[in-house]
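Keep in mind that this is a model prediction, so the values were computed, not measured.
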Amino acid sequence: MSYILALCLSLCWGTAFLASKNIVENLPPYWGTFYRVLAGLCFFIVLYGVQRKNLKCPVKQLWRPWTIGFLLILLPFAAISWGQRFVAPTIGGIFNGTVPIWSFIAGAVLLKGEDRFTWRRAIGVMVGMVGLLIIMRPMIAAAQLDASPLALYGCIAFLIMAWSYSLGNVLTKKIMVDSNAIPYEANTFHQYLFSAVVLLIVSFAFEPLPPASAFTAKVVLSIISAGVFSSAVAFLLMVALIKRWGATRMASVTYFTPVVAMASDMIAFGRMPSGAEIVGLLFIFGSLVMIQKKVTPESK
């Protein structure tokens, strides 16, 4: 059963980039992000309403879910929507696969004593950076030759996505786990509510309201896919896997996210990955293996 959950989670995460690509081809990026978050918010309102969960949060504690919501929902989702206009879903999936690398770095710096650098891990981080440079090198070269720099901008947006996810993952433990004041259902609800409200304000301020004709069946299905399955349902699957496997083993699902993104890109657009993308992905996989914490008999 656990492996079925892991497969479903990797499918949810990996197809998010194809869905985002479909959305931003028809909607402005901030509006597209808002509708994705709104879909997830509606899902949790219905789910928690049926389950009669307590969604109250003390006013003095609201900064906690708001901070995590900004780092795990608002900023990375907006970065995905902005960057996905310029690069293929495969690139987004590969950059998403680097989140454990950045999470390790953030954890080693911010959570003293939990993660620490060793020679093996330091080399692993450098291997991952080399993988990213291999992928980005053709785009950097194009920008230097005064060709279109948009693909490079897309990669920078995905780096922001990965950094935001990693910082959010680390601070979730520091900000949320150590607090018993907020049930996780209320925490999730207020993360989505805060993100939706801020994105609605930003969208009205900086982008024109998309016409009704923009909401084709493909766009609506993509919003549901990205907002409900790749975000809300994926969150529930992640929590279930953490309970069964623990956080470290659950993180291994990240290995399959770039593969699913690459496969969905090939099926939907017929796009084959470039040699640089494949080599860079292999370097990133090697990096993830090297930074993984070894399980010793004393730590089992």
Side-chain angles (χ1 to χ4, degrees), residues 1-20 22-23 33 35-53 55 65 68-69 71-74 76-77 80 89 92-100 102-103 161-162 164-166 168-173 176-177 182-193 195-196 221-264 267 285 288 292:
M1 183 62 180
S2 296
Y3 290 102
I4 295 176
L5 293 177
L7 176 61
C8 292
L9 180 56
S10 63
L11 290 173
C12 286
W13 280 346
T15 55
F17 301 94
L18 173 60
S20 296
N22 292 334
I23 294 170
T33 308
Y35 284 112
R36 175 183 178 178
V37 174
L38 181 64
L41 175 62
C42 291
F43 173 85
F44 281 119
I45 288 174
V46 173
L47 176 65
Y48 292 153
V50 171
Q51 295 178 343
R52 298 184 180 276
K53 296 294 185 179
L55 301 181
I68 301 304
L71 292 172
L72 291 183
I73 300 174
L74 197 162
F77 285 12
I80 291 172
I94 293 175
F95 274 74
N96 188 79
T98 67
V99 170
W102 302 112
S103 294
M161 169 206 70
S164 186
Y165 275 143
S166 63
N169 290 337
V170 171
L171 291 184
T172 294
K173 179 174 180 61
M176 297 304 309
V177 175
I182 310 172
Y184 89 87
E185 295 91 354
N187 171 31
T188 305
F189 169 76
H190 285 283
Q191 286 182 28
Y192 271 84
L193 180 61
S195 300
L221 289 175
S222 296
I223 290 173
I224 294 172
S225 175
V228 175
F229 294 102
S230 296
S231 303
V233 173
F235 170 79
L236 298 177
L237 291 172
M238 182 184 69
V239 170
L241 272 179
I242 289 176
K243 290 179 179 179
R244 289 169 177 263
W245 283 356
T248 301
R249 189 178 178 190
M250 185 282 301
S252 64
V253 177
T254 308
Y255 284 77
F256 300 98
T257 301
V259 178
V260 174
M262 191 177 293
S264 65
I267 294 171
F285 280 165
L288 295 176
Q292 282 292 316

S.K.: What's the separation between atom OG in S225 and atom CG in L18, rounded to the nearest 0.5 Å?
M.R.: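 If I round to the nearest 0.5 Å, the distance is 7.5 Å.
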S.K.: Do the side chains of I23 and Y35 get nearer than 4.5 Å, heavy atoms only?
M.R.: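 No, side chains not in contact.
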S.K.: Could you grab the distance from atom CD1 of I4 to atom CG of L237, nearest 0.5 Å is fine?
M.R.: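 It is 11.5 Å, given to the nearest 0.5 Å.
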S.K.: Going from OG1 on T33 to CD1 on I223, what distance comes out if it is rounded to the nearest 0.5 angstrom?
M.R.: 10.5 Å
S.K.: Which atom pair, heavy atoms only, marks the closest approach of S222 to N22?
M.R.: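 Closest approach of S222 to N22: OG-CB, 3.2 Å.
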S.K.: Kindly compute the distance separating CZ (F17) from CG (N96), expressed to the nearest 0.5 Å.
M.R.: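 Answer rounded to 0.5 Å: 4.0 Å.
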S.K.: Which pair of non-hydrogen atoms, one from G93 and one from A261, has the smallest distance, and what is that distance?
M.R.: CA-CB, 3.7 Å
S.K.: Counting only heavy atoms not in F229 (residues, nucleotides, ligands), do more than 12 fall under 6.0 Å from its CZ?
M.R.: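 Atom CZ in F229 is not crowded, with 12 or fewer foreign heavy atoms closer than 6.0 Å.
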S.K.: Would you say that more than 12 heavy atoms from the other residues, nucleotides or ligands in this model lie under 6.0 Å from the CZ of F44, or not?
M.R.: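 Buried by this count: over 12 neighbours within 6.0 Å.
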S.K.: State, to 0.1 Å, how close G14 and S264 come at their nearest heavy-atom pair, and which atoms those are.
M.R.: O-OG, 4.1 Å
S.K.: Please examine the side chains of V46 and C42, heavy atoms only from C-beta on, and report whether any two atoms are closer than 4.5 Å.
M.R.: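 Not touching, per the 4.5 Å side-chain cut-off.
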S.K.: Would you name the heavy atoms of G97 and P258 that are closest together and state the gap between them?
M.R.: CA-CG, 4.1 Å
S.K.: Please evaluate residues L47 and L236 with respect to the criterion side-chain contact (heavy atoms from CB on, under 4.5 Å), reporting the C-alpha separation (whole Å), side-chain torsions for both, the decisive distance (0.1 Å), and the verdict.
M.R.: CA-CA 11 Å; L47 176 65; L236 298 177; 3.7 Å; yes
S.K.: Return the orientation label for the Y184 and F235 ring planes: parallel under 30°, perpendicular over 60°, tilted otherwise.
M.R.: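 If you compare the ring of Y184 with that of F235, the planes turn out tilted.
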S.K.: At their closest point, which heavy atom of A162 faces which heavy atom of V99, and how far apart are they?
M.R.: CA-CG2, 4.0 Å
S.K.: Give the intermediate values and the outcome of side-chain contact (heavy atoms from CB on, under 4.5 Å) for residues N169 and L72.
M.R.: CA-CA 8 Å; N169 290 337; L72 291 183; 3.6 Å; yes
S.K.: Between V260 and T15, does a side-chain contact (heavy atoms from CB on, under 4.5 Å) hold up when you go through it step by step?
M.R.: CA-CA 7 Å; V260 174; T15 55; 4.0 Å; yes
S.K.: Can you list everything that forms a side chain to side chain contact (heavy atoms under 4.5 Å, CB included) with S20? Sequence neighbours excluded, please.
M.R.: R36, I80, Q84
S.K.: Do you know which two heavy atoms are closest between A240 and L5, and how far apart they sit?
M.R.: CB-CD1, 4.2 Å
S.K.: Let me confirm one number: the OH-CD1 distance from Y192 to I45, rounded to the nearest 0.5 Å.
M.R.: 12.0 Å
S.K.: Look up atom OG in S195 and atom CZ in F77, then write down how far apart they are to the nearest 0.5 Å.
M.R.: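 It is 8.0 Å, given to the nearest 0.5 Å.
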